[in-house]
Amino acid sequence: MLARKSIIPEEYVLARIAAENLRKPRIRDRLPKARFIAKSGACNLAHKNIREQGRFLQDIFTTLVDLKWRHTLVIFTMSFLCSWLLFAIMWWLVAFAHGDIYAYMEKSGMEKSGLEATVCVTNVRSFTSAFLFSIEVQVTIGFGGRMMTEECPLAITVLILQNIVGLIINAVMLGCIFMKTAQAHRRAETLIFSRHAVIAVRNGKLCFMFRVGDLRKSMIISASVRIQVVKKTTTPEGEVVPIHQLDIPVDNPLESNNIFLVAPLIICHVIDKRSPLYDISATDLANQDLEVIVILEGVVETTGITTQARTSYIAEEIQWGHRFVSIVTEEEGVYSVDYSKFGNTVKVAAPRCSARELDEKPSILIQTLQKSELSHQNSLRKRNSMRRNNSMRRNNSIRRNNSSLMVPKVQFMTPEGNQNTSES
């Protein structure tokens, strides 16, 4: 506006605008890191350029179960409608070929009563009545207004064929609906994992830990946990392997390798020579392109169906030097679980070096624990000194208040000239 009024030259305005745009930092949105398994357990993988689409039709039942609910309901409805329409056409053709439709059109109302013994299906006069009779046959309603006679063997064959087709459609579609409602991943919705994993010292060893829990009271029988590390590697020959899977063992004192998931548990993996995390330090972890996949499998107690819950942790979701807080307490003889603190962690002393360096130099752990103890003692001293200072200030303020509330002395002069001192 000022440039238009010739108060400020236009060249100066343009130069100032250009300088402001140069000074503004250009922040680009950081693309999220690709992961194979989402936090919800879904596989983050897209299948493209599949040429042999007919393989899905060879296993039609699994294809129907894997479809979305809206597609399944459309197929469920259309299968019955199409079967009713198809057999309605067949019943109409049977009546048309036998001459029943012309017989009903030519005869009057009094004469139609004698046609019931000569027609294939009584009261089938049009395609609408044939469609209604098709529904009655397949759904076994039987209103009584339409029925078959013994005149047409072809009609009997169509009746048997429609009953068989109707039973097959009922079995397939109802079984599909039942399998979709009783799928194993529905039970996995109540199996939860901590949002972050931690690396801390346990029993003198660096350990990778995460927490798993079950929200339902019905238990998971024979529950087992598997951990895999997925990362991109390159072989000595130069071949790039985008999905290189490595199994890592789980620290479980039981020989059966099963867990009793009655309460939330902390699953621990000791980082030793067998672990792919053996050479990774705290500084190297942020630059690592790896993903730790956790798989929990077990049998549902109520249904007997095997279920599987999955999640994954990328490098940004692994907290070094943290530990999960305790959430299980005993209250009046009953163990109580506070799920509001399910994923809460606290910072603890942990060496920042890798597990290999820790094995080669055990003194690093001792020095780290000594530093942690010294810092803890210093914090306690500071806290105690602050408490003393606060108590001294509080006492001084109380004394001042008491001194201000003291009653002053007042002197009275008597006629004899004696002074009497009294406090009022």
Would you check if there is a donor-acceptor pair between the side chains of Asp284 and Ser281 at a distance under 3.5 Å?
yes

Does a donor on one side chain sit under 3.5 Å from an acceptor on the other, for Ser336 and Glu330?
no

Could you give the distance from NE2 (His244) to CG (Leu290), rounded to the nearest 0.5 Å?
12.0 Å

So among Arg195, Arg211, His322, Gln319, which one has a side-chain hydrogen bond (donor to acceptor under 3.5 Å, both in side chains) with Thr345?
Gln319

With a 4.5 Å limit on heavy-atom distance, are the side chains of Phe193 and Val294 in contact?
yes

Basic-acidic side-chain contact under 4.0 Å: Lys273, Asp279:
no

Can you say whether the rings of Trp91 and Phe133 are parallel (under 30°), tilted (30 to 60°) or perpendicular (over 60°)?
perpendicular

To the nearest 0.5 Å, atom CD of Gln138 lies from atom CG of Asn170 at 7.0 Å

With a 4.5 Å cut-off on side-chain heavy atoms, are Thr72 and Leu64 touching?
no

For Trp92, what residues pass the ring-ring contact (aromatic ring centres under 6.0 Å, His included) criterion, not counting sequence neighbours?
Phe96

So do Phe342 and Ser194 actually touch side chain to side chain, heavy atoms under 4.5 Å?
yes

Should we say atom NZ of Lys232 is surrounded by more than 12 heavy atoms from elsewhere, each under 6.0 Å from it?
no

Quick check on Glu360: does its CD atom have over 12 non-hydrogen neighbours (other residues, nucleotides or ligands) under 6.0 Å away?
yes

Output for pair (Leu206 CG, Arg356 CZ), nearest 0.5 Å, gives 13.5 Å

CG on Leu246 to CD1 on Ile227, rounded to 0.5 Å:
13.0 Å

Considering only heavy atoms from C-beta outward, does the side chain of Val250 approach that of His269 to under 4.5 Å?
no

Carboxylate-amine/guanidinium proximity below 4.0 Å for Arg35 and Glu317
yes

Sorted by chain and number, sequence neighbours left out, ring-ring contact (aromatic ring centres under 6.0 Å, His included) with Phe76 holds for Phe80

Would Ile280 and Ser354 satisfy side chain to side chain contact (heavy atoms under 4.5 Å, CB included), going step by step from the backbone distance to the final call?
CA-CA 5 Å; Ile280 298 176; Ser354 63; 5.7 Å; no

Quick one: ring-ring contact (aromatic ring centres under 6.0 Å, His included) partners of Phe208, sequence neighbours excluded?
none

Give the intermediate values and the outcome of side chain to side chain contact (heavy atoms under 4.5 Å, CB included) for residues Asn163 and Val137.
CA-CA 7 Å; Asn163 286 329; Val137 170; 3.9 Å; yes

Basic-acidic side-chain contact under 4.0 Å: Glu291, Lys231
no

Does OH belonging to Tyr339 count more than 12 external heavy atoms closer than 6.0 Å?
yes

Begin from the C-alpha positions of Ile220 and Leu191 and carry the test side chain to side chain contact (heavy atoms under 4.5 Å, CB included) through to its verdict.
CA-CA 10 Å; Ile220 299 295; Leu191 297 174; 4.1 Å; yes

Please test Asp214 against Arg216 for salt bridge (charged side-chain N to carboxylate O under 4.0 Å, His left out), starting from the C-alpha separation and ending with a verdict.
CA-CA 6 Å; Asp214 188 5; Arg216 290 187 181 272; over 6 Å; no

Go through the steps for Glu297 and Arg310 under the test salt bridge (charged side-chain N to carboxylate O under 4.0 Å, His left out), then give the verdict.
CA-CA 9 Å; Glu297 293 180 338; Arg310 300 179 295 268; over 6 Å; no

